[in-house]
Participant: 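Structure in structure tokens, see below.
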Amino acid sequence: MKGKTKWAGKVLAVFLAFVVAAGCICTGCGSGGSAESSSSSGSSKGTILGSGSKELKILSGSENKELEPILEDYANKNHIRIEMTYQGSLDIMRDLEAETFAYDAVWPASSIWLDAGDEKLHRVKHAESISINPVVFGIKKSLAEKLGFVGKEVSVSDILNAITSGQLKFCMTSATQSNSGASAYLGFIHALLGDPDVIRSDDLKSEDLKKNLTELLSGINRSSGSSEWLMDMFVKSDYDAMVNYECLMIAANKELEKAGKEPLYVVYPYDGLCIADSPLAYVDQGDKDKEKLFTDLQDYLLTSDVQNEIQKTGRRTAYTGINEENKAIFKTDWGLQPDRVLSPFKMPDTDVLMDCLNMYQSELRKPSLTVYCLDYSGSMAGKGNKQLVAAMEQLLIQKKARENYLQASDSDVTILIPFDEKVMDTYTAVGNGQDLENLYLDVRNTDPTGGTDMYAAIEEGLQLLKGYDLTKYTTAVIVMTDGMAMDNYEEFADIYQSEGGDIPVFSIMYGDADSSQLDQLASLTNARVFDGRDDLTSAFRKVRGYN
């Protein structure tokens, strides 16, 4: 379907729109102060810890940010420099697959991405788990009591029943963009299959499995591409439950209680608990001096004293429980079980893992309803427009989208709104067929001209959303701009707030875009800013993980 509408003015009627683990090896965490703010640009530039002539470059999941003080103390004492560059686990996997690798070591959330990324080149060595952390459900305690989950062992089926009865909605990261989401999703599969020895390709053909997974995932009312960002968003908002790492549940409850809000009660689904194993590994490129720097650091992190410090951040360091002196961090009033013995299940082969992710993206996840507001102001002429066209090609041309698990389902709705100092047009496609790919021609054939008014485009997008039942979709507006918008933010903010809007407006910063304006917009709409100045295609890929 393809349609065109005129801008309908500024009267908005915006509605509220918007996983449960089963024993797999996965990871990650950060807590409290390290959580990224809603207006974070999510830059992947490295963080330098310590100083010295010797340098160790580590490509890491963002959940390890909270361990920076431990790393910095080591770097200073040993007169070395550690550069931490943060990416999502699936991006780490893709980088490992490439012939050229710009880092000395990797520290993804889970061993599954390490194994999958190194399957062909076999250059990863010395992999050791630094911490472990289960992926759990956190539910407002009053709701957990109503559901009968407090003081009881809870199964994935119990959670599914709560969702299908309309009593439970939850927030979760994307299974195809974030490890915590992928871990929980694989846990669902394992539990719903009845605890098999390992998930196999034939298992995924089960219609009962697909039906149950679709119903379970329909309970998601807010998605994210980052576990830390999901926690931060949850604390600032008013949702009932989320799936996340145990350590992030601890961090969230600290913030919730500080703000006088109801804490979450942690539920560990007994028929499959997803475990985060945080492997730190060396990528061998023939430099023995680098290898020695790495093994010295790794040995340090695995000493009993440092493992105890890591445990104080809310991470576990053993499958059999928490040190006595740290048990107070794992509050039983919050449902935490410091003495629980964790039992991971065997992960599927890489080919089956990828089949699971493709099935999630193409068939099972809650449909996306996405409005793209694209800047065609005069300053985008030339390089800017070429990069925008290339970035949208990665999303709209489905063969390319599948390479990054961004393909549309047959129920997704995609709306494009090109703008300059006004709304230039609107284009809509439903599903993943030719109509969607035809939108790429509209992107390619629109010429940059005029000024910049992103607020008009956003308002138009929100107006168009009135025509949909937003409870059936994961909904978002994504705006890309390279310049300073016309100064009518206050008017837009008044309208958005008065209408009770809860649609996130994510933005991608490019060129000379005014970051302060975009940060304001992210804060207002409970969303996030992405930095596309170095790599616009990567920025579009990352923001797509939030919807």
Side-chain angles (χ1 to χ4, degrees), residues 27-30 34 36 40-131 178-179 226 228 276-303 306 310 531 533-535 538-539 541-542:
T27 113
C29 222
S34 70
E36 299 169 33
S40 167
S41 67
S43 173
S44 61
K45 295 179 180 178
T47 299
I48 304 298
L49 305 172
S51 60
S53 58
K54 297 179 179 180
E55 182 179 59
L56 192 65
K57 294 184 177 181
I58 302 175
L59 182 61
S60 170
S62 64
E63 65 276 354
N64 292 316
K65 284 183 180 179
E66 193 174 46
L67 301 183
E68 284 183 0
I70 293 173
L71 296 170
E72 186 166 31
D73 183 60
Y74 175 85
N76 287 332
K77 287 179 179 177
N78 290 275
H79 309 291
I80 66 170
R81 187 168 68 252
I82 299 173
E83 180 177 327
M84 298 290 289
T85 299
Y86 298 105
Q87 284 189 1
S89 292
L90 274 79
D91 282 333
I92 292 175
M93 178 192 75
R94 294 185 188 100
D95 279 0
L96 274 175
E97 291 173 333
E99 291 290 337
T100 303
F101 190 73
Y103 308 92
D104 306 307
V106 287
W107 199 350
S110 168
S111 294
I112 58 176
W113 314 117
L114 202 62
D115 296 340
D118 194 45
E119 193 171 44
K120 293 181 180 179
L121 297 176
H122 304 293
R123 56 189 172 187
V124 170
K125 59 194 296 189
H126 306 310
E128 294 285 349
S129 173
I130 302 302
S131 66
S178 170
N179 177 71
S226 162
E228 282 192 290
D277 68 331
S278 190
L280 175 62
Y282 180 68
V283 181
D284 191 357
Q285 301 184 75
D287 189 331
K288 293 299 182 183
D289 291 335
K290 289 284 188 183
E291 187 172 359
K292 181 65 165 58
L293 282 179
F294 171 85
T295 55
D296 287 348
L297 170 63
Q298 187 182 69
D299 289 346
Y300 172 78
L301 293 174
L302 292 172
T303 60
V306 176
I310 290 173
D531 192 342
R533 290 173 293 187
D534 293 330
D535 188 342
S538 175
R541 188 175 73 239
K542 288 176 182 177

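One is the number of the first residue; the rest follow in order along the sequence.
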Participant: So, for Trp113 and Ser89, which heavy atoms are closest and what is the spacing to 0.1 Å?
Facilitator: CD1-CB, 3.3 Å
Participant: First locate atom CG of Asn78, then atom CG of Leu293, and finally report the distance between them rounded to the nearest 0.5 Å.
Facilitator: 9.0 Å
Participant: Sub-3.5 Å donor-acceptor pair from the side chain of Asp531 to the main-chain atoms of Arg533, do we have one?
Facilitator: yes
Participant: Can you see which heavy atom on Ser129 is nearest to which on Leu302, and at what distance?
Facilitator: O-CD2, 3.5 Å
Participant: Which residue, Asp284, Asp104, Asp296, forms the salt bridge (Lys or Arg N to Asp or Glu O under 4.0 Å) with Lys290?
Facilitator: Asp104
Participant: Does Glu291 form a salt bridge (charged side-chain N to carboxylate O under 4.0 Å, His left out) with Lys288? I'd like the steps, not just the answer.
Facilitator: CA-CA 5 Å; Glu291 187 172 359; Lys288 293 299 182 183; 3.6 Å; yes
Participant: Return the CG to OG1 distance between Asp91 and Thr85, rounded to the nearest 0.5 Å.
Facilitator: 12.5 Å
Participant: Using modelled atom types only, decide if a donor and an acceptor are shared between the side chain of Asp73 and the backbone of Pro69 within a distance under 3.5 Å.
Facilitator: no
Participant: Are any side-chain N or O atoms of Glu128 and backbone N or O atoms of Gln298, one a donor and one an acceptor, separated by less than 3.5 Å?
Facilitator: no
Participant: Do other residues, nucleotides or ligands put more than 12 heavy atoms under 6.0 Å from the NZ atom of Lys292?
Facilitator: no
Participant: Which pair of heavy atoms, one from Ile130 and one from Leu280, lies closest together, and at what distance?
Facilitator: CG1-CB, 3.7 Å
Participant: At what distance, to the nearest 0.5 angstrom, does OG of Ser111 lie from CG of Asp118?
Facilitator: 12.0 Å
Participant: If you compare all heavy atoms of Gly61 against all heavy atoms of Tyr86, which two are closest, and at what distance to 0.1 Å?
Facilitator: O-CD2, 3.3 Å
Participant: I'd like a table of donor-acceptor pairs (distance under 3.5 Å, sequence neighbours excluded) in which one partner is a side-chain atom from residues 48-57, with atom names and distances.
Facilitator:
| residue | atom | partner | partner atom | Å |
| --- | --- | --- | --- | --- |
| Glu55 | OE2 | Arg81 | NE | 3.0 |
| Glu55 | OE2 | Arg81 | NH2 | 3.3 |

Participant: About how many Å separate OG1 of Thr47 and CD of Glu72, when rounded to the nearest 0.5 Å?
Facilitator: 10.0 Å
Participant: Of all the heavy-atom pairs spanning Asn64 and Ser278, show the shortest one and how long it is.
Facilitator: OD1-OG, 3.9 Å
Participant: Please determine whether a side-chain nitrogen of the Lys or Arg among Glu228 and Lys65 lies less than 4.0 Å from a carboxylate oxygen of the Asp or Glu.
Facilitator: no
Participant: Let me confirm one number: the OG-NZ distance from Ser178 to Lys542, rounded to the nearest 0.5 Å.
Facilitator: 13.0 Å
Participant: Flag the pair Met93 / Ile112 as yes when at least one side-chain heavy-atom distance between them is below 4.5 Å, and no otherwise.
Facilitator: no
Participant: With heavy-atom distances below 4.5 Å as the criterion, would you say the side chains of Phe101 and Val283 are in contact?
Facilitator: yes
Participant: Would the distance check show the side chain of Gln285 and the main-chain N or O of Ala102 forming a donor-acceptor pair, the cut-off being under 3.5 Å?
Facilitator: no
Participant: Any chance you could measure Ser538, atom OG, to Gln87, atom CD, to the nearest 0.5 Å?
Facilitator: 7.0 Å
Participant: Identify the heavy atoms of Ile82 and Leu71 that sit nearest to each other, and give their distance.
Facilitator: CD1-O, 3.9 Å
Participant: Could you label the plane-to-plane angle of the Tyr300 and Tyr74 rings as parallel, tilted or perpendicular, counting under 30° as parallel and over 60° as perpendicular?
Facilitator: tilted
Participant: Determine whether Pro279 and Pro108 make a side-chain contact, defined as any pair of heavy atoms from C-beta on separated by less than 4.5 Å.
Facilitator: yes
